[in-house]
*Asks:* 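What follows is a single structure, and I will ask about it in a moment.
In what follows, chains carry the letters A, B, and so on, assigned in the order in which the sequence lines appear, proteins first and then strands, with residues in each chain numbered from 1.
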Protein chains: 2
Amino acid sequence: MQTTVTLRDVARAAKVSVSTASRALAGGGLTSRATENRLQRIAAELGYRPNTLARGLKTRSTRLVGLVVHNLTNASFRVLAEVVQRRLRAEGYQALLCITADDPEQEAATIETLADQRVDGLIICPTGRNGALLAALEASGTPVTCVVRRDESVELETVLAADPEGAYAGTRHLLDLGHRRIGLVVGRQETTSGRERLSGYRRALEEAGIAFDPSLVHAGRYEPETGLSGCRQLLDRDNRPTALFVANHESSLGVLRGLAERDIAVPDDISLLCYEDVPGFAWQRPAISVVDSGANAMAELAADRLLQRLRPNAAPHVATAREYRIGARLIQRQSCRPVAH
Amino acid sequence: MQTTVTLRDVARAAKVSVSTASRALAGGGLTSRATENRLQRIAAELGYRPNTLARGLKTRSTRLVGLVVHNLTNASFRVLAEVVQRRLRAEGYQALLCITADDPEQEAATIETLADQRVDGLIICPTGRNGALLAALEASGTPVTCVVRRDESVELETVLAADPEGAYAGTRHLLDLGHRRIGLVVGRQETTSGRERLSGYRRALEEAGIAFDPSLVHAGRYEPETGLSGCRQLLDRDNRPTALFVANHESSLGVLRGLAERDIAVPDDISLLCYEDVPGFAWQRPAISVVDSGANAMAELAADRLLQRLRPNAAPHVATAREYRIGARLIQRQSCRPVAH
DNA sequence: CCATGCTCCGCAAACGTTTGCGGCTGCAAG
DNA sequence: CTTGCAGCCGCAAACGTTTGCGGAGCATGG
């Protein structure tokens, strides 16, 4: 354990007081140009590194922001973590990554810990069960922005995907190709995204004058197994769908396998449209058409919004507690084809 | 900005000194059972939360450890991040996630920042160009353990995959199936893993008495493009290989596509063996055989080792600067088949 | 020559904890 | 009744910064 060099040491070496040392290194022009340079040099020579803790204690600002997500496997969360981390760093902040596994208990513990850590801000994909904690944080002066999911129980700045529109655009695309029986495998209806994607699907059907057939939709957890079972169920109908819309990314692996095990070729025998633009879809043969929910843009915006509120001109946060939606985008590749009749 | 309640406040409310308040809440039996309970209660009532900064400043221990990886896309890094984060939290530590994009400059900046943050420890997948910084950190009393990659320029605790053995086991498997021309697409030879996997491949060939043919190996960056170009190159030989060993996970997408675009069926027309056990391989049709480099185990061990050194009974770290290897494992699925002759 | 103002710097207090040291109380032993 | 000994607790210093306030030096204008 070496003796770490402190501000005192450089002040002593330069024969000035600690305060001038501090001011010189801060460089706000509060000292003469000469001493400023001199201290910079001496500090460098001595290998001085400021103690973030002491600084934070005094200034009431660690430059830390909490980033809490459910996992890192889901593509949305992964890019969220990557871009938020990058954007924050560019502005001199550090990300404190926490993983909740979508478990409210862990989420609660995490939020408390982050609060103890005196993070300057929080970007969170909430479970929805800890609204009170988040509200308390925000009320205590720590901006929090929710992303990907909303916490319905409380008013917070939130950036979401435009799921209703995305799902609408996707099924609309299939309808335009002439499909009339479109199987949907989607997320659990307890989640906002699950509900919203289903509703987009229904709206498109309705608009096309097609009756909604509940037996054509399979809702389940965000897992490949869901896709497999959904795929089997949909293919075993007497009137098999001519297109599949997998509006739940994790399930795609499962339906792909389901199709393969029955030797049903895409797009010859059936059209396939997925959700989320992960690299695998583009590289696959045939390349899979997708509706891209804009994970990247969501992450960028979330970081933007939080950083905005972190800037000195502290805007009244209550007024900014609005909801942003990121537009979805249809990416056509080779997995959808006009229906043959 | 609410008035956050401090230890002073609870002390005042309880009519004791700040020191007893501190001791009571610490709960080491340094105060009477009665006051201990009383203070716990009062603290809870007031909603007291300790200030981690002040505590850290005094005790010289934030309970933070830095976790720096190249990205979150690569499966090894992803599971690394997930399990390290989990393990740390279980022991009361928080992970500070940093992403370097494999760029030495960013890595250097990151390490400095983490040092300023006074992290208690560091788990890093090094680029290899900042050994001095890492050594300095370790010398200053902050344990650092390297993982996935080694920094050759300095002696640090390191946990790695058993790449030579993994690659050996993989090509050995293909040899056992009767393959004699085995194409290899592998990582850049500037990286340890790239070199080690190639050497494992060569050793297996040598052992089987087969001459090493450089034109059968394609080394490139960790990207799908590498796989695609490698695949094309290998298939365009007059004497096309009967098996492909893709010892570089990212490239797999590319070779899969390369095979598909030439209508070469796996395993009927060619055998395929990949590296790293990502879910996609298991769900694919045919399911892809892989050699699993044990990312999970690596992450667990790295966390273990660091936590071990973080415990009070500070072992002399120099003595523990050893290298651990995680065994690789061959997982046979349906993508390899005996060669027909 | 004095008043005024500006630039640069030092003093000391604060931020919220932890912890060594010593003092008080009360009880048992001598 | 004195002494010794625990058991609890308070005092104050420390951790390494930042920052308001005031003082010294100097030049400028009248």
*Asks:* What pairs with B:Arg325 under side chain to side chain donor-acceptor pair (under 3.5 Å), at least two apart in sequence or on another chain?
*Replies:*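 Here the qualifying residues are B:Glu196, B:Glu323.
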*Asks:* My understanding is that only residues two or more places apart in sequence, or in another chain, count here; which of them pass salt bridge (Lys or Arg N to Asp or Glu O under 4.0 Å) with A:Arg23?
*Replies:*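 By the salt bridge (Lys or Arg N to Asp or Glu O under 4.0 Å) rule, A:Arg23 matches no residue at all.
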*Asks:* By side chain to side chain donor-acceptor pair (under 3.5 Å), which residues pair with B:Gln85, not counting sequence neighbours?
*Replies:*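 Listed in chain order: nothing, the list is empty.
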*Asks:* Applying salt bridge (Lys or Arg N to Asp or Glu O under 4.0 Å), name anything that partners A:Asp9, two or more places apart in sequence or on another chain.
*Replies:*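 In terms of salt bridge (Lys or Arg N to Asp or Glu O under 4.0 Å), with neighbours along the sequence ignored, A:Asp9 is linked to A:Arg12.
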*Asks:* Can you check the B:Leu39 CG to D:dC8 C1' distance for me, whole Å?
*Replies:*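 Distance check: B:Leu39 CG to D:dC8 C1' gives 13 Å.
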*Asks:* Reading nucleotides 12-18 of chain D 5' to 3', which nucleotides get B (base under 4.0 Å from a protein heavy atom), which S (sugar-phosphate only), which -?
*Replies:* B-BBBBB
*Asks:* Is any side-chain N or O of B:Ser17 closer than 4.0 Å to OP1 or OP2 of D:dG10?
*Replies:* yes
*Asks:* Run the side chain to side chain donor-acceptor pair (under 3.5 Å) test against B:Thr59 and tell me which residues pass, sequence neighbours left out.
*Replies:*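 With sequence neighbours excluded, B:Thr59 shows a side chain to side chain donor-acceptor pair (under 3.5 Å) to no residue whatsoever.
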*Asks:* By side chain to side chain donor-acceptor pair (under 3.5 Å), which residues pair with B:Glu107, not counting sequence neighbours?
*Replies:* B:Thr127, B:Asn130
*Asks:* How many angstroms lie between atom CZ of B:Arg305 and atom CG of B:Leu310, to the nearest 0.5 angstrom?
*Replies:*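 The CZ atom of B:Arg305 sits 11.5 Å away from the CG atom of B:Leu310.
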*Asks:* Roughly how many Å is it from CG in B:Leu25 to P in D:dC9, rounded to a whole number?
*Replies:*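 In whole Å, D:dC9 P lies 13 Å from B:Leu25 CG.
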*Asks:* Using the C1' atoms of five pairs at each end, what's the angle between the two axes of the helix from C:dC1-D:dG30 to C:dG30-D:dC1, to 10 degrees?
*Replies:*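 Angle reported: 60°, given to the nearest ten degrees.
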*Asks:* Can you tell me which residue pairs pass the side-chain hydrogen bond (donor to acceptor under 3.5 Å, both in side chains) test with a partner in residues 63-72 of chain B, sequence neighbours excluded?
*Replies:*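 side-chain hydrogen bond (donor to acceptor under 3.5 Å, both in side chains) check on residues 63-72 of chain B returns no pairs.
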